[in-house]
Structure formats: structure tokens, C-alpha cells
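Below: the structure, in C-alpha cells.
No hydrogens, no waters, no symmetry mates; every other heavy atom, side chains included, goes into these values.
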Amino acid sequence: MRGTSQNSSPPDWRERLARLRQNLETQGVLHPVRTSLPFLGITAVVLSGAILISSCTLCYTVAIQGHRVTYFEGGEATYQQAVSQAERRTSEILNTDYSFTQEVSLKTTLAPKDRLASTTQVADSIMDTIPELEHVYTLWVDGVMVGASQDSDTINQAMNLVKERYATPDTRSITVDSQVNLRYEYISAETGVLSARELADLLLTEAPRTFPYTVQEGETLEVLLERFGMTQERLQALNPDIDLEAHATAMGLELSEPGEEESEEGSIANLIEIWAAEFGTPLEAGLELTVEQTCPLLVVSTVEEQSLTRTVTPELQTQPDATMFNGEQRILQEGAAGEEAVLARVVKRCGVPVASTDLSAVTTAEATPLIVATGTQPKPQLPDGCLFLWPVRGPITSDYGYRFIFGENNFHRGIDIAAPAGTAINAAADGVVTFAGVKGTYGNLVVVSHQNGFATYYAHCSKLLVSPGDTVTQGQPVAAVGSTGRSTGPHCHFEVRYQNSPIDPLLYLPGENNAPARTEITEEEPEEPAETEEPVTPETPEVPETPALPETPEEPEIPDVPQEPAEPELPHEGGEEAAPAEETAPLNVTAEAALAPESEEQESP
């Protein structure tokens, strides 16, 4: 039994060990994580170390006045390069030599590789610590810095405030034409930052600027100058290679073929003047110009759809007239502008229209063409092809031709040249005085006959210095400026006649007034001839030459004298009254129909 008992004890020990082993195996199957925890812990430690080693590096950091700036490699050498760069940039911003003197400390540390800074970034970090600088957003327009703000939203708000100024219910789009840049940079702390309203006010600061412009269909010079607030001289200065006068031609203008080329040029010029007086000076559509416009610093363009009423410029038509000389014109039919209702897409720059496209157009009133007769008869030539001398220096206050005065259109047979009363009136060319005296509406009148059938008239004189039959030379004083007859101010009414038919004096005068310098006829001067007459008393036979006096009896037969009561009080500056149009011969007056000097009082010069 002992043996038994001795023999039975080992199995009991082995049995217990087997059961323990079985239990452990059973638990391992049921809880595999528990069995692997030690391995996982070791693995995590190894992986963490590997990640740390791969993402971080040994580097340097700078602490300026206790504040860490950034991480970088290269040690002291990199830091000194960054300081030098920061000092140079700061000196440029502050416009003075700047030295970085802040207390710094350089330390070695471990930092993520993606946080390492370049030399320029280290310099930026150093500049962030300089109290004289400020790191802000700045707004630049066309290369000019406008102002600064702490954030970009403020600048965007300022831009929107400017755009709102040009927005209307008709606006379809708004764009900024200026070159705009937004920068994040260092500026002097003294510059300061601005609010959105302050930035908008700076963006709206106006100044003259030049822009390219394409002339639109039907546009006139006057409309263009008014739209952009320019003078014609300024427009011409901006376009030195373009002759505005040459481009200011009426559309569809065709003249009859004149006898001389220069007469054709004169006809075109006069027709343009007629057209311009009625409807403005036309410009060639598509002409490329440079214009000047007062615009804000920020140039904004808008596109609008507008319903508007547009004026339709009438057509200019010409008709040849063989009864008039080359260079003469006469209005046969007054033109009238038409109207049309238009839906247009209009492009505006800073609120000023610069282009337009019609979406639809309906004519509401037809335009009436302006019809002008142009002369085709060869112009009579002066002796030796010379020109007359201007009788007196001064501006022309009334041209030759039809004019609207005293409530109606009347024909003016000469030109009025304004000058102070008493100024000498000089003979336009050599000739013989055929009349010197009072003639109705002419007042005191001198008529000088020249060669080739030409004669010149000098009216409204205050004094007469010659007598009928006197021979005069070019430039010789024949009278003094006055305001006698039907006149509203001191001036010389100057006429040119060929075979007693009036012709535009400007056809025979040089372009520049070449009259002798102004001289005043004093009161004593008329008395001097009287003194000379005393020694010439033997020549009293010449006194009978005063048969001109018989002409004064003819004055009662003047048909216009009774009409002088119709003389209105309405003044015509620098000119004289004009007789009714039906009492005056038109531009195509023939020699037979023209009035003789003795009856010129019917004529309103």
C-alpha cells in the first residue's frame, strides 16, 4: 500500500500539471490578444521611434527677447544671413540705415522637418519682431499703392463700395479695368491701416487720364468734346497725327465739279460750316482717337441696357447752281433732325458712355435732308490774280450770306469787321472813287471801282476822307469806322462786287488779315483838306464835281426809307440791321438784277 501509495502519488502530480497546461491552452484560444500584448507593446515602441526619427531632425531655433522665432538648419551662418537680409529690407522700407540690435539666443533642438524655414522665412520672422514695421495687406492699383489693411476682407469691401457708385437698375455687369494687386507685405508702422470707407474714398480720387476711343456712327465733334469735357485744341494735341478738320466731313457729300481745285476745297469747308451750324461737325465713324477723361483711380466699366430717344442727323444733299460762282453756297432747304426709339446696350467707363450697340430701333420721326446749292460758275479773277487788302484789322462779326436776325432770315451782301470808332478804313486795291456820301441803310458809304469789273463798298463810316473822282491806292485811308445807317455798333461793312453783283469777300481776301496797323482818324484830319483847298482856290472848277449832290434828290425815291420805322431795337452785336430777305438779291444775283449804288439804301449790308 505504501508502495501503492508510493506508486500512486506521481500520477497525481502529472495529472495536475496536465490539467494546468490544458487550461492555459484553452485560455490562449479564447483570448489571443492577451497572449500578444507584450509583443504589441514592444512593436509600438519600435514604430514610434522609427516615425520620430524619420519626421524630425536636429536643428536650431532663435529666441528674440524670450520669444522663439522659428526652426532652421545651418546654425549661426544661416542666422547671420537672415539678419543681414532683414536689415537690408527694413532699411529700404524705412528709407534709412537700420541695424538689428535685439537680444537673441540660438539653441539646438529637435523639430519636425516640415517646420524648417528657409533663410528668407527666418528673415521674415526676424522682421516680425521689429516694432518699426507692420505686416499687413496692401492694395495696389496700376502700380500705385493705395493703402493698407489688417485683412483682405476690408480691401474687398472697399472695392465693392466703388462698384456700387456706378450701379443702376439698368446695369447688367460691372468690371474693374484697372490692374489691381493685393499684397501681404511689411510697411512702415507709421503708414497705418485704413478702413473700407477710407480706402474707397482714395480709390474714387479723380484725375485726368487718357484712353483710346473709337468714334461711333453719327457722332459729332461737339458731342464728343462735351461728353469728355475737352476742348478741340486739347483733342488735337492728343492726336497730332490726325487732322480733325479733314475727318470732319459730311457723310455722302458730293460737290459739283468746280473750275478750280482750291474752290472745291473752299466749298467743302463752307458746307461743313453750314452743317456744323445746324447739326454739329460730323466725324468719320470708326476713327481711332485718344481722348482725355476725368476718372477715379479705380477705373470701373459697366454694361447697361437702356431705352432712349436718339436724334437722327439729316442727310446733306448738294445741288449744282451755274448762276453762282465756285465756292459760293445757298441753302435751298433747311434740314430737320429725326428721332428714333432705341433699345441699346451701352458700355460706360466711369459713368461716361464709350460704346453702344443697338438691340432694336424704331423711327418715330423722319429726318428732313439739308439741301445746299453750290456754285459752278468760274470765279472772276482780279488783275494779275492778286488778292484784295483787308480794309481794317478786327474780327468778323457777321459773314456773307443768309443770317437770322431780327426774327427772320436775311441775306447779307458783305462781311462786318469790328473795330473801334474812328479807326482808318483802307482801300482794298487801287481804283477810282465812284461814290462818297450818305446812302440809306448804308449810312456814310464809299464805293471804289477797280479793274476787271470789280468794285468795293465801305459802309457805316463816321467820316469820309475821299470824294467822287478821287484816285486811291491800295492801303490808302478812305474813311473812318463808324456806326451810321442801320447799324448796332462800330464796324466796317465791306462788300466786293463784280459787274455790280455781290460776291463773298472772303473769296478775294487772304486767309490772314493783312490790313495795315490800326490808325485813328482824328477830328483835325478832316479839316486838313479844307486848309489845302484854300491855296487851291484857283482849282474851284473841281468843285462842280459835286454833281454828286443831284443824287441826294434821288434819295426820296428810295423804297426802303419808309421801311426804316420797322427798324427793331433788337441789337446785332458788331453788325447792322438786315433788310428783309425778299428785298435782297440772293447769292445768284445777276448784274442786271443787282441794285446800283445809288439805290443801295434798300440793301442791309
Got a second to check how far [X]'s [atom1] is from [Y]'s [atom2], nearest 0.5 Å?
X	Y	atom1	atom2	result
Y458	E495	OH	CD	11.0 Å
N444	S483	CG	OG	11.0 Å
N513	R393	CG	CZ	5.5 Å
F435	L464	CZ	CG	8.5 Å
E288	N239	CD	CG	10.5 Å
E219	L283	CD	CG	7.0 Å

Counting only N and O atoms by type, is there a donor-acceptor contact under 3.5 Å from the side chain of [X] to the main-chain atoms of [Y]?
X	Y	value
T363	A365	no
T205	L297	no
E292	L238	no
Q377	A322	yes
S462	V481	yes
N514	L389	no
Q236	I242	yes
N452	F454	no

List the steps and the verdict of ring-ring contact (aromatic ring centres under 6.0 Å, His included) for Y457 and F494. CA-CA 6 Å; Y457 285 49; F494 178 63; 9.4 Å; no

Exercise: identify the closest heavy-atom pair between T311 and A337: CG2-CB, 3.5 Å

Closest non-hydrogen contact found for T368 with P314 is O-CB, 3.0 Å

Evaluate the criterion side chain to side chain contact (heavy atoms under 4.5 Å, CB included) for residue pair L509 and I415; output intermediate values, then yes/no. CA-CA 11 Å; L509 291 172; I415 60 174; 4.1 Å; yes

Does atom CD of Q333 have more than 12 heavy-atom neighbours, drawn from other residues, nucleotides or ligands, at distances under 6.0 Å? yes

Within-4.5 Å side-chain heavy-atom neighbours: [X] and [Y]:
X	Y	value
L370	I331	yes
P490	P420	no
S301	Y166	no

Please step through side chain to side chain contact (heavy atoms under 4.5 Å, CB included) for the pair V496 and L507, ending with a clear verdict. CA-CA 9 Å; V496 173; L507 297 177; over 6 Å; no

Non-neighbouring partners of Y213 that pass ring pair (Phe, Tyr, Trp, His ring centres under 6.0 Å), sequence neighbours left out: F228

Can you list the steps and then say if K348 with T168 is a side chain to side chain contact (heavy atoms under 4.5 Å, CB included)? CA-CA 12 Å; K348 293 183 176 181; T168 69; 5.9 Å; no

Aromatic rings H493 and H460: how do their planes relate, parallel, tilted or perpendicular, breaks at 30° and 60°? perpendicular

Give me the ring orientation class for H450 and F388: parallel if the planes are under 30° apart, tilted from 30 to 60°, perpendicular past 60°. tilted

Is it true that E206 and R165 make a salt bridge, defined as a side-chain N closer than 4.0 Å to a carboxylate O? yes

Audit row: L235, L221, side chain to side chain contact (heavy atoms under 4.5 Å, CB included) steps and yes/no: CA-CA 10 Å; L235 182 61; L221 178 62; 3.8 Å; yes

